[in-house]
Amino acid sequence: MAKSIVSAVLEKLSSLLMIPGEIKHNFELALALEEGMGKVIAHFQDIQSVLQDAESKQVKDANVRNWLKKLKDVAYDVDDVLDEWNSEKLKSQIEKEQKEARNFPLLKKMRNSISSFTFQTILYYKIASKLNGVNEQLDSIATEKDRYKFGLEKVVEEPRRLITASFIDDEEVYGRCQETEILVNMLVAENSSGGGLKLPVISIMGMGGIGKTTLAQLVYNHSDVECHFDKRIWICVSDPFNEIRIAKEILEAFKGESSNLVGKDDILQEIRSHVSGKKVLLVLDDVWSEDATRWEQLKTSLKHCSPGSRILITTRNEKVAIIMGTTSPNLFLLNTLSLEECRSLLSRRAYYGRTREESENLDDIGWKIAEKCQGLPLAAKILGGLLRFKRTREQWQNVLDSEMWDFEEAEQDLFPPLFLSYYELPSALKQCISYCAVFPKGMILRKDELIKLWMAQDYLKGVRCEEMEIVGEEYFDELHMRSFFQDFRGDELDSDIIKYKMHDLIHDFLLVLMKTECVMLVNHDSEELKLDLSCERARYGTLIRKEAAPTEPNIFRFRKLRSLLIDSSYHDTSSLRLYLPRLFDQLTCLRTLNLSNGLFRNSIEELPDEIGKLVHLRYLNLKNNKKLKELPESLCGLCNLQTLNLKWCDSLKELPCGIGKIINLRHLENDQTNLSLMAIPKGIGRLTNLQTLSLFVVTSNSDTSSLGDLQNLIHLRGLLKISGLGAVCDVTEAEKAELENKKGLRTLILDFTISKGLMSNRWQRDDGRLLEALRPPPYLEELEIWWYSSPTISANWMMGLTKLSHVSLGYCLHLKSLPPLGKLPSLESLYIGGRSRVEKVSVEFLGVEREEILAPSSSLESPSSSVIAFPSLKHFEFEFFDLEEWEDWVPLTSREEHISIMPRLCSLTINSCPKLKALPCYVLHNTCLKQLNISQSPILSERCRKETGEDWLKISHIPSIMIDSVRIQVNCSSVEEFGVLQFQPLHSSSLSSNFSQN
């Protein structure tokens, strides 16, 4: 971590070596700045060369840890000074551009120039003074460094790694029976997933301490495995991956004696001769290397063994498994033990030598301590060994109440395996994972939010600015592959993994690493918080508000905080109102501030002007503050701000007028503010770094932004909702927006209401022309159109969206016919609802051309050449409010029966279609259909009545059928396999919110 911080500061210092032109005439000041920066650079460069050795020794040596803490403190202080310098330069540049644009009189320009020059001179004097103080601290740190005799980077002492062997005592193992059986079958079954490979590689993957080596030993010594292979070889690989050593050990296993061969080629040739014709199992335990070239030649020499041979590896890193040649079916992800298995493993050691009565007296606490292990075998073994020597119930209770890092045994035996994983990380990834100590234990993490937090701490620098989010994704994926993050599915219906967790033990380990840098405060009225004074220079803080008191007063002692996450999940943020001015005034080093509200209606109503003092701020989260009505103009002075989260601030009426000054803003998350937000201020078009703009509001007011202001926002990605399109009278404004050039957009919502959903005079406009002008990028995946007023949807671009997977058409009040959506090859879900004037759903809706309809089935060369409409559609929903006009869903004629329609349809919902006479045969006879839901459609309901309805026999194969909210048929196994019981439009809130306005 220290190495990363020092490297980042050196990079910033190098970019500032040029003394600003405006102070070059002030020789004394220029010299002081130049000498101060030069000396800081020299100190850091000298220290940088020994940091790798220092960081490896800190685990065992508390003095080294303390020295690194002092170094990081100074590096953080230098970083703050440089950031202040850069911020003022940027603000000065913005103000200069604005003044030039306003065309002030010459005299006023001269006054402004003199004022600006005076301010900057004072600022540079302050910076020179601060650099002088920093250098005094660095002198002391450099002197202390020499006492530790650190090695240079090339001769660093690496952490000790445990050498493993194949032997195992089965009585020491609990659980893993199912895992052993699966892996044994993968090894010995002739039809196991070799994927056609001559020598399949099977990988056991998991975090440190989870029991990968133990499982490999169980499998290696299994009787079926012993009988199946002619030769079994166990190699502890560890790091570095020494292919000569590994090859020699393989050869010695065959020969039963040491080999005198030295040359790599000679060794590999002899291995080839020994394995030829033999069925071999090679276990490579604890593989770390990501260098494929070191493995390829060795693997080639092993390919001459008999079919059925296998290589089994254990690793913590999925990337290593892939590099070693593991295919997806052969990647075995090892999970934690069950609570029962964990308790059994802990009990074997903890209860050793105790009477039955003694054990029973401790059993209830034992269960709770087993829970503390979170299913990790290594933790259960270590805590079990610790408890063996704790004789009384009070001592056991003390273990339960203590944190894992409080135990000397944990520091000696439990954390070193985790430190190995940490030690192997590049310095940039060490920073990223270390930051995660700031989160409460067990917290669910969103990948996109975590990347923004890393970005706010400048962990993703060193690349072009527009690529920071991509670098963040790569860093996260790398940490995930190395088992630092675990997949978390909070909702079984959500197949997309977008949330993650850290194992508690990894979190404990990170807290040890960040002990003096990270502070977590919990405000309890009943408890007085005891603080370690050494933490007062902490840089990362979390405040958990378990009481409704305004805040924890001790937070003001941490004036150096760079990150503050205030957890208001227990109480709303309204009580923070009086406290925020002081917080903004004193914690001025903050780069990250989370003031999001829990699921409460009450919240803060305004931000104080003092927010403008947080000049370093890059991330501000105000999510769910439902009573927040406005933001102060002083917010626009935060020129470093990258992320502003306003989601669900549904009382927010306007954004500050000067928002165009926040030129580094990349993410303006204003989803679900459409009911309150009246407009977007002018100047939004200057935010050319913007990647997220969830909601853009169009008005007829010339003082606010128009569609054309979207033109320069070419980096927009993800979701964009444009509301108020009913106010657009000039179609050329839509053309100026150039949505087609925003290649990163994936979801586009077009809302044709005007401000506050008023519908006056909208019938005189041609929404069709406007829709045509709003051509989206070709890779769009989701499209929603609301309150569209023209009778047809005939935009030429729509059928060219080959990646489009979801379409919603809502409240298209004058729509008389549906567009030919059956042409869309990737469309999976379709929602048509609200109100419209559709009378008939005809064959044109299928998107089939006339010549395809007329083509006789006998002329088709094969079934695969059949015409298919809606080839990918899975979910289809008609949900209207009394659609009086719709009577016919036109079935196919005999000449059209060669057309395949909706072959993958899984769910169909029909709501409030009272005149609809029948469903077409291609729906009734669809064998893929798993769910049918009909309501407020009396003719259909009668036809589908169980046993007696005219269409009952045609639909009885459908597992789940619901008629007028009564489930008349349910096949549990089929529905469970299907998973989704009710399809909802992706943005159904748009429907309800717009309807409530009119």
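The first residue in the sequence is number 1, and the count goes up from there.
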J.: How far does CG of L919 sit from NE2 of H925, to the nearest 0.5 angstrom?
T.: 11.0 Å

J.: Of all heavy-atom pairs between G847 and P820, which one has the smallest distance, and what is that distance?
T.: CA-CB, 3.6 Å

J.: Is there a side-chain contact between L905 and C928, using heavy atoms and a 4.5 Å cut-off?
T.: no

J.: Are the side chains of V966 and I963 in contact, using a 4.5 Å heavy-atom criterion?
T.: no

J.: I would like to know whether D888 and K840 meet salt bridge (charged side-chain N to carboxylate O under 4.0 Å, His left out); could you show each step before the answer?
T.: CA-CA 5 Å; D888 295 317; K840 179 172 67 174; over 6 Å; no

J.: Quick one: pull up NE2 in H480 and CG in D477 and give me the separation to the nearest 0.5 Å.
T.: 8.0 Å

J.: Is it true that K447 and E473 have a side-chain N and a carboxylate O under 4.0 angstrom from each other?
T.: yes

J.: Would you say N674 and S723 are linked by a side-chain donor-acceptor pair, where the criterion is simply a distance under 3.5 Å?
T.: no

J.: When rounded to the nearest 0.5 angstrom, what distance separates OG in S937 from CH2 in W886?
T.: 8.5 Å

J.: Side chain of K803, backbone of E782: donor and acceptor closer than 3.5 Å?
T.: no

J.: Is there a donor-acceptor contact under 3.5 Å linking the side chains of S842 and E844?
T.: yes

J.: Can you see which heavy atom on M798 is nearest to which on I785, and at what distance?
T.: CE-CD1, 4.0 Å

J.: Report yes if the side chains of L801 and P776 come closer than 4.5 Å at any heavy-atom pair, otherwise no.
T.: yes

J.: Of the options T927, L908, L924, L929, which is the one that meets I958 in a side chain to side chain contact (heavy atoms under 4.5 Å, CB included)?
T.: L929

J.: For E179 and L334, run side chain to side chain contact (heavy atoms under 4.5 Å, CB included): C-alpha distance rounded to whole Å, both residues' side-chain angles, the deciding distance at 0.1 Å, then the answer.
T.: CA-CA 8 Å; E179 292 91 336; L334 187 58; 4.1 Å; yes

J.: For the residue pair E828 and H875, establish whether any side-chain heavy-atom pair is separated by less than 4.5 Å.
T.: no

J.: Look only at the side chain of W889 and the backbone of L916, and say whether a donor-acceptor pair between them is shorter than 3.5 Å.
T.: no

J.: Hey, could you give me the CH2/SG distance between W367 and C342, rounded to the nearest 0.5 Å?
T.: 10.0 Å

J.: Side-chain contact, heavy-atom cut-off 4.5 Å: T692 with L716?
T.: no

J.: Does any N or O in the side chain of H957 come within less than 3.5 Å of the main-chain N or O of N926, such that one atom is a donor and the other an acceptor?
T.: yes

J.: Going by ring-ring contact (aromatic ring centres under 6.0 Å, His included), name the residues that satisfy it together with F485, two or more places apart in sequence or in a different chain.
T.: F476

J.: Do L809 and Y831 touch side chain to side chain, with heavy atoms closer than 4.5 Å?
T.: no

J.: Look at the side chain of E772 and the backbone N and O of N796, then say whether any donor-acceptor pair between them is shorter than 3.5 Å.
T.: yes

J.: Answer yes or no: is there a side-chain heavy-atom contact under 4.5 Å between F878 and T909?
T.: no

J.: Tell me whether K452 is salt-bridged to E669, with the criterion being a basic N under 4.0 Å from an acidic carboxylate O.
T.: yes

J.: Check for a donor-acceptor pair, side chain of S872 on one end and backbone N or O of P825 on the other, with a separation under 3.5 Å.
T.: yes

J.: Please name the pair of heavy atoms, one in I934 and one in S941, separated by the smallest distance, quoted to 0.1 Å.
T.: CG2-OG, 3.8 Å

J.: For the residue pair K319 and M481, what are the closest heavy atoms and their distance?
T.: N-CE, 3.2 Å

J.: Tell me if a side-chain donor or acceptor on Q969 pairs with a main-chain N or O of S956 at a distance below 3.5 Å.
T.: yes

J.: Just by distance, with hydrogens left out, do R967 and S960 show a side-chain donor and acceptor under 3.5 Å apart?
T.: yes

J.: Whether the side chain of S935 engages the backbone of D964 through a donor-acceptor N/O pair (distance < 3.5 Å, no angle test) should be reported.
T.: no

J.: Please report the closest heavy-atom contact between I506 and S483, naming both atoms and the distance.
T.: CD1-O, 3.5 Å

J.: Could you label the plane-to-plane angle of the W787 and Y811 rings as parallel, tilted or perpendicular, counting under 30° as parallel and over 60° as perpendicular?
T.: parallel

J.: Could you check whether K441 pairs with D504 (Lys NZ or Arg NE/NH1/NH2 to Asp/Glu carboxylate O, under 4.0 Å)?
T.: no

J.: Could you measure the distance from the CD1 atom of I749 to the CG atom of L695? Nearest 0.5 Å is fine.
T.: 9.0 Å

J.: For the pair T336 and Q374, evaluate side chain to side chain contact (heavy atoms under 4.5 Å, CB included) and give the outcome as yes or no after the intermediate values.
T.: CA-CA 7 Å; T336 53; Q374 291 279 301; over 6 Å; no

J.: How about S808 and H806: does a side-chain donor come under 3.5 Å of a side-chain acceptor?
T.: yes

J.: Check whether more than 12 heavy atoms from other residues, nucleotides or ligands sit under 6.0 Å from atom NZ of K743, and answer yes or no.
T.: yes

J.: Between S907 and Q931, do the side chains contain an N or O donor and an N or O acceptor separated by less than 3.5 Å?
T.: no

J.: Answer yes if the side chains of T753 and D751 hold a donor-acceptor pair under 3.5 Å, and no otherwise.
T.: yes

J.: Taking NZ, NE, NH1 and NH2 as the nitrogens, is one of them in R601 or D650 under 4.0 Å from a carboxylate oxygen of the other?
T.: yes

J.: Apply side chain to side chain contact (heavy atoms under 4.5 Å, CB included) to the pair D671 and K721, showing each step before the final yes or no.
T.: CA-CA 8 Å; D671 324 27; K721 177 176 180 178; over 6 Å; no

J.: Does atom NZ (K647) have a neighbourhood of more than 12 heavy atoms from anything else shown, all under 6.0 Å?
T.: yes

J.: Taking atom types as modelled, find out whether D767 and S790 have a side-chain donor-acceptor pair closer than 3.5 angstrom.
T.: no

J.: Between E839 and K816, does at least one N-O distance fall below 4.0 Å, as a salt bridge requires?
T.: no

J.: Verify side chain to side chain contact (heavy atoms under 4.5 Å, CB included) between N933 and E877, making sure each step is shown before the conclusion.
T.: CA-CA 9 Å; N933 187 351; E877 185 168 0; over 6 Å; no

J.: Between S836 and C812 (side chain of the first, backbone of the second, donor and acceptor by atom type, cut-off under 3.5 Å), is there such a pair?
T.: no

J.: Determine whether F845 and F870 satisfy the following criterion, ring-ring contact (aromatic ring centres under 6.0 Å, His included), listing intermediate values before the conclusion.
T.: CA-CA 10 Å; F845 175 56; F870 293 103; 5.0 Å; yes

J.: Who are the salt bridge (charged side-chain N to carboxylate O under 4.0 Å, His left out) partners of E341, not counting sequence neighbours?
T.: none

J.: Between K946 and C944 (side chain of the first, backbone of the second, donor and acceptor by atom type, cut-off under 3.5 Å), is there such a pair?
T.: no

J.: Would you give the length of the straight line joining atom OG1 of T747 to atom CG of L720, rounded to the nearest 0.5 angstrom?
T.: 10.0 Å

J.: Taking the side chain as C-beta and beyond, is there a heavy-atom pair between F332 and S203 under 4.5 Å?
T.: no

J.: Any donor-acceptor pair under 3.5 Å linking the side-chain atoms of W786 with those of E784?
T.: yes

J.: Check for a donor-acceptor pair, side chain of S344 on one end and backbone N or O of E340 on the other, with a separation under 3.5 Å.
T.: yes

J.: Minimum heavy-atom separation for I204 and K212, please, with both atom names.
T.: O-CD, 3.8 Å

